[in-house]
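All remarks here apply to the structure that follows.
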There are 2 protein chains.
Amino acid sequence: MNVQFKKGVLTLCVLVLTLQKDRYGYELVHTISEKFLIAEGTIYPLLRRLTKEGYFTTYLVESNEGPPRKYYQLTDIGQEYADELIQEWKEFSLGVNQLIEEGILNEQK
Amino acid sequence: MNVQFKKGVLTLCVLVLTLQKDRYGYELVHTISEKFLIAEGTIYPLLRRLTKEGYFTTYLVESNEGPPRKYYQLTDIGQEYADELIQEWKEFSLGVNQLIEEGILNEQK
DNA sequence: TGCACTATTATACATTGCAAGGTACTGTGG
DNA sequence: CCACAGTACCTTGCAATGTATAATAGTGCA
């Protein structure tokens, strides 16, 4: 999958998934990778950045399947940011789809 | 509009628009900007890169509204690349939209 | 003990959109 | 005649972010 498509959209995906419930990094990697492949080296720096910017708080929970999991919980401004990104994504993807439809419909043979 | 969303998608947009007919840079900037704002400093280097990679051939046409226009015409491999990117975009945006729908539907209040 | 799986962290790199700056042509109004 | 707006192109350096790669470490099983 085109690497560049993912730029910026990953932030959206992470925020959207944490709307449902608190998540830990490894879980996010695998859930998102069901839709399109992402690397661990992508998620962890992103989570740290979003936490630093105040969109997440974190807490550790012991796991019996490995080292303790760091859970990420959305803050209020994290929720606002999620809503904002969702709205922007919808407008953006609509615009792109319109261009594609117009492009294909009027395509010269 | 979120800058990061555009990464890679601009290439798609430029290719899609040239499926219809040959275009020149200034025209592409304004046509795409109807959907979401882009800068001239983005388009010209992009066109140059795509041309260098063999997706476009170019020719100049005199204009009575200013300097000559450099038109970009898709090559065969340019068309193939366009089809490929369109397909990838569709799968990608579908995946993102599914995550968003699931995220919002199951959102905790 | 060794291995597979889970889980986190850090560093260096490549790609690409943008701001800011520049050149140059045409037509219009003062 | 000259200033200006609009058209049209180009270049440079910067910022953002996904990735590869690697290191670290806990658990449970053969």
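Note that the coordinates shown come from a computational prediction; the quantities given were computed from them, not determined experimentally. Chain identifiers are assigned alphabetically (A, B, ...) following the order of the sequence lines, protein sequences preceding nucleic acid strands; residue numbering begins at 1 within each chain.
Side-chain contact between Leu46(B) and Leu28(B): absent, with no pair of heavy atoms (C-beta onward) separated by less than 4.5 Å. Put simply, the side chain of Phe36(B) does not reach to within 4.5 Å of the side chain of Leu94(A), judged on heavy atoms.
With dA16(D), dG18(D), dT6(C) as the candidates, the nucleotide lying closest to the side chain of Gln4(B) is dA16(D). Of the candidates dG26(D), dA10(C), dT19(D), dG26(D) carries the atom nearest the Pro67(A) side chain, counting heavy atoms from C-beta on. Residue Leu10(A) has its side chain nearest to dG18(D) when only dG18(D), dA20(D), dG17(C) are considered. Closest contact between the side chain of Tyr72(A) and the listed nucleotides dT19(D), dT15(C), dT9(C) involves dT9(C). Side chain of Tyr24(A), nearest nucleotide from dA8(D), dT8(C), dT19(D): dT8(C).
Distance OH (Tyr26(B)) to C1' (dC25(C)): 13 Å, rounded to an integer number of Å. The distance from atom CD1 of Ile43(B) to atom C1' of dT7(D) is 16 Å, rounded to the nearest whole Å. In this structure, the CD1 atom of Ile32(A) is 10 Å from the P atom of dT19(D), given to the nearest Å. Atom CG in Asn2(A) sits roughly 18 Å away from atom P in dA14(C) (whole-Å rounding). For the pair Leu50(A) CG and dT8(C) P, the interatomic distance rounds to 15 Å; values are reported in whole Å. dT8(C) atom P lies 10 Å from atom NE2 of His30(A), rounded to whole Å. Whole-Å rounding puts the Tyr71(B) OH to dA8(D) P distance at 8 Å. Rounded to whole Å, the distance from CZ on Phe5(A) to C1' on dT19(D) is 17 Å.
Side-chain N/O atoms of Arg48(A) include one lying less than 4.0 angstrom from OP1 or OP2 on dA10(C). Phosphate proximity of dC18(C) to Thr42(B): present, with a side-chain N or O under 4.0 Å from OP1 or OP2. Taking side-chain N and O atoms only, Tyr44(A) has no distance below 4.0 Å to OP1 or OP2 of dT9(C). Between Lys6(B) and dC18(C), a side-chain N or O to OP1/OP2 separation shorter than 4.0 Å is present. Distances shown here put a side-chain N or O of Arg49(A) below 4.0 Å from the OP1 or OP2 atom of dT17(D).
Here Gly41(A) lies in heavy-atom contact (under 4.0 Å) with a base. Using a 4.0 Å heavy-atom distance criterion, Glu40(A) is classed as a base contact. Pro68(B) comes within contact range of the sugar-phosphate backbone alone, with a heavy-atom separation under 4.0 Å but no base atom that close.
Checking Tyr72(B), Tyr59(B), Tyr71(B) one by one against Asp22(B), the side-chain hydrogen bond (donor to acceptor under 3.5 Å, both in side chains) holds for a single residue, Tyr59(B). The residue from Ile32(A), Val9(A), Val16(A) that alone fulfils the side-chain contact (heavy atoms from CB on, under 4.5 Å) condition with Val96(B) is Val9(A).
Annotation: of the two residues near DNA chain D, Ser63(A) and Leu46(A), the 5′-most nearest-nucleotide partner is Leu46(A).
Atom NZ of residue Lys7(B) and atom CZ of residue Phe5(A) lie 14.0 Å apart, to the nearest 0.5 angstrom.
Taking only distance into account, the side chain of Lys70(A) never meets the base of dT8(C) through a donor-acceptor pair shorter than 3.5 Å. Judged by distance alone with a 3.5 Å cut-off, no donor-acceptor contact links the side chain of Glu65(B) to the base of dC25(C).
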